[in-house]
Amino acid sequence: MSEVMSKLKKDYIYNLMLKGQREDGRAFDEIRDITLETHVIDKAEGSAKVQYGATQLLVGVKVQLGTPFPDSPDVGVIITSLELNPIASPTFESGPPRENAIEMARVTDRGIRESGAIDLKKLCITKGEEVWMVFIDVHVLNDDGNILNAASLGAIAALMTAIVPAERNGKGEDFMMPVREMPVCISVVDIGGELMVDPGRNEETVCETRISITSNQDGSICAMQKSGEGALSEEQVLQAVTIACKKAEKVREEHLLKI
Amino acid sequence: MSKPEKFFDENGLRLDGRRVDEIRPMKIEVGVLSRADGSCYLEWGNNKVLAGVFGPRELHPRRMQRPDTAIVRYRYNMAAFSVEDRIRPGPNRRSTEISKVSREAFEPVVLTHLYPSAVIDVFAEVLQADAGTRTAAINAAAIALADAGIPMKGLVSACAVGKVDGKLVLDLGKDEDNYGDADLPVAMTQDGDVTLIQMDGNFTQDEFKEAMELVKVGCKQILEIQREALKGKFSQSETEEIENEAVIEAPAPEVEKAENEKVVETEDDEMVEVETEDDETVEVETEDDETVEVETEDDETVEVETEDDETVEVETEDDETVEVETYDEEVVETEIIETEEDNENVGNVVMEDDENDKEPDENIDEDIGKGETNE
Amino acid sequence: MNKKIVIPGQFISNNVKNAGSGTYIDDGKVYSLLYGILNDKKRINVLPFSGKYIPSRNDLVIGTVIVVTPSNWIFELGSAYDGLLHVSEFPRRVDSAQMRGIMNVGDSVIIRIKDVNTAMKVELTMRERGLRAINYGRIITIMPTKVPRLIGHSGSMITMLQKETNCEIFVGQNGRVWINGKDNDMDRLGKAIDIISRNSNVSGLTEMVFKFFRNENDVDTVVSTSAEDADDTQANDTEEKVPEDTSRKIDMLLDPEDE
């Protein structure tokens, strides 16, 4: 199912943006109000509920015993999934994840993995035989745009509160998930050459090109993804990095450092 | 986790301190999702479920459409992290079965025939599972359906009863569910009609009769909680209203005017719309020799011929919108928009004795969802 | 006074003769079929808080073109049912090849529902003055069940909105509202419509909205220029000159020259 947005509505949003304004009165570099709650699901080893404006999702972290991959016998395993549940939007359908959901899951995964947020060596129990497997499941509940940034924030927050259930599995004492970095993903969209952060649902429909940048505490970049039909100039890409790193720092300070 | 040594203490209270006929605490929030047409978040003990309703909406693929009625789809889905051991996302045999019987639990109360060819989608997401998720999901879904404006003969309330250590207990907790001797989830209408019943374990026939009595009490309690949740949804704006009324000194002049008799002057090519109150008289002044056609709610046509500058009085029966359209030298049509319904139209929602096909004409005055509001 | 909230299955009355919309009769008693507000001043009606639009013959609605076939435009109407506009129902002769040039996917159109059959096949027509594609102004979407509150008694609400904002307003029965005026006037009108939409269950709504404009004007006066004061005076003049101000400014739409 797809939604046809009326041209009038599209034009309205587009023209507003050309004037430097947004539908909800935000500035171009302004992120919607974020609410982050952790420890929301007792059954999960770690969990977080994120609200990015009206966008809502839950991230649950489950930690289970498993075997390492042959090419990396001494490190734990991270598996990230993202479900665009049909409850979240009239345009989402039941069924296995499609390319959008898979892309978002992989970008979220890359931010966690490449930043080295989790010390995977500490998740190895017996080299080549037994490791902890970390399942990060993103359950999208309401899509009002920019699921990706909400998912990425929820994922790291859920990991930061996760406890490895060693005792239950007869592997010694429980311990906190070895988290050593706080990657934050910020998406920037192009609108008539200008860059705008945190696109809402209608803005996502109007803006064709998007770049998502995940950055670390020291301002370094650990993951990036351009998506959408359009192209970005080199200057825009560089500018997007500056904006994303600055915004990521703010989100990290206001939300993650408080956990 | 292992089986508890005993399920009752010396006072006959259960593991979590409940009496045998006591349900776990329930917390309900209505309208929590902006994208769904109706939604409900429900916590019941340690269960956390979210229900969202979409529709009635267009049904694809088309071959599934039924020309005489809407279909209901119900998807019970567990989040991967909702249980002790992670489950793979997506449907499995268990969730498929629960989805089917849950859908059938609602079919007797939802007035699907009002929406031919369409679909009403109910999505129930189990975010945290702790025994009794299917009943929790049904309780949430009933509220989400009401919140979506879906016409129903009543809510559906669901609860389980079981047997633990030979004793009947209402609303099984996790251990009682895992290690009990029987589990009987039931969904009921407000009249006590059973719309879902499943059972596993072992009951004697006498135990079963007693269990049904117990579960009926549980469903009644839940129905009350559901009702309160729906009635509480707007309490906040009620407060706002009181504040507002307190400070208003003089009503807007427009309001006073609204109470007066309306005289509408029409000009060439002009279309005007007038809303009327109970038993109010609308005067339509016409400029030329024109015919005024008035369609009334009984599909009866009254024709009035007017002369120059004559005043035509149109009396309307109810809160209705009268649209007067005049063209130069043309027929003036006064249509009572709200009332002009075909008998076959979906607008008629009045039924006698549960018979859906009886449609007394006098009731066909307003389409569903389009009533006029009295201030 | 508060309006009484009823829920599906709630007993309302023993007076079966007065059972109106949103109710059903069982065993000689009247019950609510919907979650909404009880209106039992005369007939017993339940006005639902929410609900999808159901196309009904002769309704004027705003539709969006979603498909153009060789002989039909298919419109999305904010309903479970799409509407079909056959080329013969367009006011003038159109060749197949010209159709997209006249109305294309994404275009919004003020249109009349010509007929609806039992299977809910919806036929549309534009063969009437005033019905046309709209390509300026804005479209605001409200819950269709709130349309009556937006129009108000005898059009009192809509009349006030027009006077206070100097905007043209057309209210489609499907909850789509077309507005046109100066940008800041449309912004104000949008806010007022939002207030109406969110408070449709309370009494004294007209006063509430009236107060919104008054307070807003107070604020304006502080920072205002004399030009805005002049606007105010003008608005008052209009009030006196056009006592029969109509609830829908369809007359404005009748003349395409107004564009």
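Numbers restart at 1 for each chain; the letters A, B, ... are given by sequence-line order, proteins then strands. The model shown is predicted, which means the values in this text are computed figures rather than measured ones. Because only heavy atoms are used, hydrogens play no part in the values below, and waters and symmetry mates are left out as well, while side chains stay in.
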Looking at B/S34, B/A36, B/A80, which has the largest count of heavy-atom pairs under 4.5 Å with chain A?
-> B/S34
Which atoms of A/V59 come close to chain B, meaning under 4.5 Å heavy atom to heavy atom: side chain ones, backbone ones, both, or neither?
-> backbone
How long is the span from the CZ atom in A/F135 to the CG atom in B/D85, to the nearest 0.5 Å?
-> 10.5 Å
A/V40 versus B/K48, closest heavy-atom pair with distance = O-NZ, 2.6 Å
Find the distance between CZ (B/R86) and CD (A/Q64) and round it off to the nearest 0.5 Å.
-> 7.5 Å
Against chain B, work out which of A/S94, A/P165, A/P97 has the most heavy-atom pairs shorter than 4.5 Å and name it.
-> A/S94
Roughly how far apart are A/H139 NE2 and B/N77 CG, rounded to 0.5 Å?
-> 5.5 Å
Determine the minimum heavy-atom distance between B/F81 and A/I41, stating which atoms define it.
-> O-CG2, 3.8 Å
Between CG of B/L33 and CD1 of A/I87, what distance do you get to the nearest 0.5 Å?
-> 5.5 Å
Between A/K62 (side chain) and B/E84 (backbone), is there a donor-acceptor pair under 3.5 Å?
-> yes
So do the side chains of B/R75 and A/N85 get within less than 4.5 Å of each other, counting heavy atoms only?
-> yes
Check whether any side-chain heavy atom of B/D130 sits under 4.5 Å from a side-chain heavy atom of A/K43, and report yes or no.
-> yes
Whether over 12 other heavy atoms sit under 6.0 Å from B/R94 CZ = yes
Is the number of heavy atoms from other residues, nucleotides or ligands within 6.0 Å of CG (B/D68) greater than 12?
-> yes
Under 4.5 Å, counting heavy-atom pairs only, tell me which of B/A79, B/G52, B/G55, B/S39 racks up the most with chain A.
-> B/A79
Atom CZ of A/R26: over 12 foreign heavy atoms under 6.0 Å = yes
Side-chain heavy-atom pair B/Q128, A/L58 within 4.5 angstrom cut-off = no
Mind ranking A/A44, A/P86, A/G95 by heavy-atom pairs under 4.5 Å with chain B and telling me who comes out on top?
-> A/P86
Decide yes or no for A/L141 and B/L127: does some side-chain heavy atom of the first lie under 4.5 Å from some side-chain heavy atom of the second?
-> yes
Heavy atoms, side chains only, cut-off 4.5 Å: are A/P90 and B/R35 in contact?
-> yes
Portion of B/V53 that has a non-hydrogen atom of chain A nearer than 4.5 angstrom | neither
Under 4.5 Å heavy-atom distance to chain A, tell me which part of B/A51 shows up: side chain, backbone, both or neither.
-> backbone
